[in-house]
Amino acid sequence: MGDEKFMSEVRKRTTATLLKCFECGRNVSSHASHCPHCTSGYPSGVKCSVCCQVLRRSEALKVSKEYGGAENRVSVKFFHRTCHEQVSQLRVGRSRTSCPVCHTSIEFDTSSSLTCKSCGQRFQTHFKDPSYANCCYCGFRLNKNLEVEVKQVNRQFLDGWVTEPVYGHRVCYTKERQAEEKKLQNKEQVDQKQVSKKLAEMRHQKRVAKNKETLALSLVLGLTAGIILGGLGGLGFH
């Protein structure tokens, strides 16, 4: 889904231009869905879900995840292999590291220190418990000492609304995404100010309308009272 969004953004240009195909380097239209030379279905490349850099589809690691349910949604993400290694190591209750001496790969239960079975070296893992949440960008599980709070979001819970944080890996929270989040926050603030202004105008209009109704009612009551009193005064005079 993330790559399809990236491709659609590339094709949204009002005028088609010639670009270099990421796979073969030959000219291809910016609106083309396939390269006519190498037949690649990704002539504009794919974006890594971790670092946001564009790379060749042939070099990217594709990860698909089915959500099931009535819609049967499928999430498709692409990664540099090195980026995938950075974010995919953590498992629920387990993690993976390598010995600093012999570089043997070691999978271990959550622990602060380990002893390598190959060379006997004991070392600190600097591992903290998993947060049991997934990164909002790459979708892999988070580790508390590798995560960053991206933003606060409101969601409906039972009969009310709650505010909760959204987390991502530090490596996934790139400058590009930070700029996007800041731009989105600014837009939300502007929208909120506009909504508040409209609500204030509506309240002001209601107050004006209510004051007019009150004034009109007072005039009617005053005229009615004057007529009644005038009539009673005339009867009393006779």
Side-chain angles (χ1 to χ4, degrees), residues 1-90 96 133-143 146-153 165-194:
M1 292 297 290
D3 183 66
E4 291 177 4
K5 182 180 178 182
F6 168 69
M7 294 288 291
S8 65
E9 289 175 355
V10 173
R11 293 171 188 154
K12 277 182 182 177
R13 302 179 184 182
T14 55
T15 305
T17 58
L18 284 177
L19 302 175
K20 296 292 183 182
C21 173
F22 253 77
E23 290 293 336
C24 66
R26 301 175 73 178
N27 289 337
V28 62
S29 169
S30 58
H31 289 184
S33 58
H34 289 77
C35 176
H37 309 292
C38 65
T39 68
S40 171
Y42 301 87
S44 299
V46 295
K47 183 181 285 189
C48 176
S49 295
V50 175
C51 68
C52 295
Q53 298 299 312
V54 181
L55 70 156
R56 292 188 179 95
R57 170 62 187 94
S58 58
E59 298 176 350
L61 180 64
K62 180 180 178 181
V63 177
S64 302
K65 181 178 180 181
E66 294 185 8
Y67 289 92
E71 300 179 357
N72 193 26
R73 294 185 299 114
V74 178
S75 171
V76 178
K77 297 180 184 294
F78 295 94
F79 300 87
H80 287 102
R81 295 185 182 276
T82 53
C83 291
H84 182 266
E85 289 176 1
Q86 290 185 73
V87 297
S88 63
Q89 299 301 313
L90 181 65
R96 188 181 300 162
N134 294 330
C135 173
C136 62
Y137 297 116
C138 70
F140 284 99
R141 197 168 294 278
L142 293 167
N143 180 317
L146 300 177
E147 69 188 28
V148 61
E149 182 178 321
V150 175
K151 58 185 175 181
Q152 294 278 340
V153 297
V166 175
Y167 295 97
H169 291 112
R170 292 185 188 277
V171 67
C172 295
Y173 196 39
T174 61
K175 292 183 179 179
E176 178 183 340
R177 283 172 171 152
Q178 292 176 35
E180 289 177 355
E181 292 294 344
K182 188 175 182 180
K183 184 178 180 180
L184 181 61
Q185 289 177 4
N186 292 337
K187 184 180 182 300
E188 289 176 348
Q189 291 176 0
V190 171
D191 293 342
Q192 189 174 3
K193 287 181 180 178
Q194 291 178 348

Check whether any side-chain heavy atom of V87 sits under 4.5 Å from a side-chain heavy atom of C172, and report yes or no. yes
Distance in Å, Q192 CD paired with Q189 CD, rounded so as to fall on 0.5 Å steps: 7.5 Å
Approximate separation, where rounding is to 0.5 Å, of H31 NE2 and L19 CG: 9.0 Å
Rounded distance [0.5 Å steps], CZ in F140 versus SG in C83: 11.5 Å
How far does OG of S88 sit from CZ of R141, to the nearest 0.5 angstrom? 13.0 Å
How long is the span from the SG atom in C136 to the CD atom in E147, to the nearest 0.5 Å? 11.0 Å
Among L142, V150, V148, find the residue that satisfies the side chain to side chain contact (heavy atoms under 4.5 Å, CB included) test when tested with Y167. L142
Considering all heavy atoms, the nearest H169-C138 contact: ND1-SG, 3.3 Å
Test: E176 and K47 ion pair at under 4.0 Å: yes
Under a 4.5 Å cut-off applied to non-hydrogen side-chain atoms, are C35 and E23 in contact? no
Hey, could you give me the CZ/SG distance between R56 and C24, rounded to the nearest 0.5 Å? 9.5 Å
Any donor-acceptor N/O pair, S30 side chain to T17 backbone, under 3.5 Å: yes
Set of side chain to side chain donor-acceptor pair (under 3.5 Å) partners for K193, sequence neighbours left out: none
What class does the angle between the rings of Y173 and Y137 fall in, given that below 30° is parallel, 30 to 60° is tilted and above 60° is perpendicular? parallel
Which atoms form the tightest heavy-atom contact between S29 and L18, and what is the distance? N-CD2, 4.3 Å
I'd like to check E85 versus F79 (side-chain heavy atoms, cut-off strictly below 4.5 Å). Are they in contact? no
Which pair of heavy atoms, one from V46 and one from A60, lies closest together, and at what distance? CG2-CB, 3.7 Å
Tell me, do L55 and H80 make a side-chain contact under 4.5 Å, heavy atoms counted? yes
Tell me the closest heavy-atom pair linking P36 and V28, and the distance in Å. CD-CG2, 3.9 Å
Please answer whether the main-chain N or O of N27 pairs with a side-chain N or O of H37 as donor and acceptor at a distance below 3.5 Å. yes
Taking the side chain as every heavy atom from C-beta outward, state whether R177 and E180 have any pair of such atoms under 4.5 Å apart. yes
Looking at every heavy atom in both T174 and V50, which two are closest together, and how far apart are they? CG2-O, 3.6 Å
On a heavy-atom basis, which atom in P165 and which in Q152 lie closest, and how many Å separate them? N-OE1, 3.6 Å
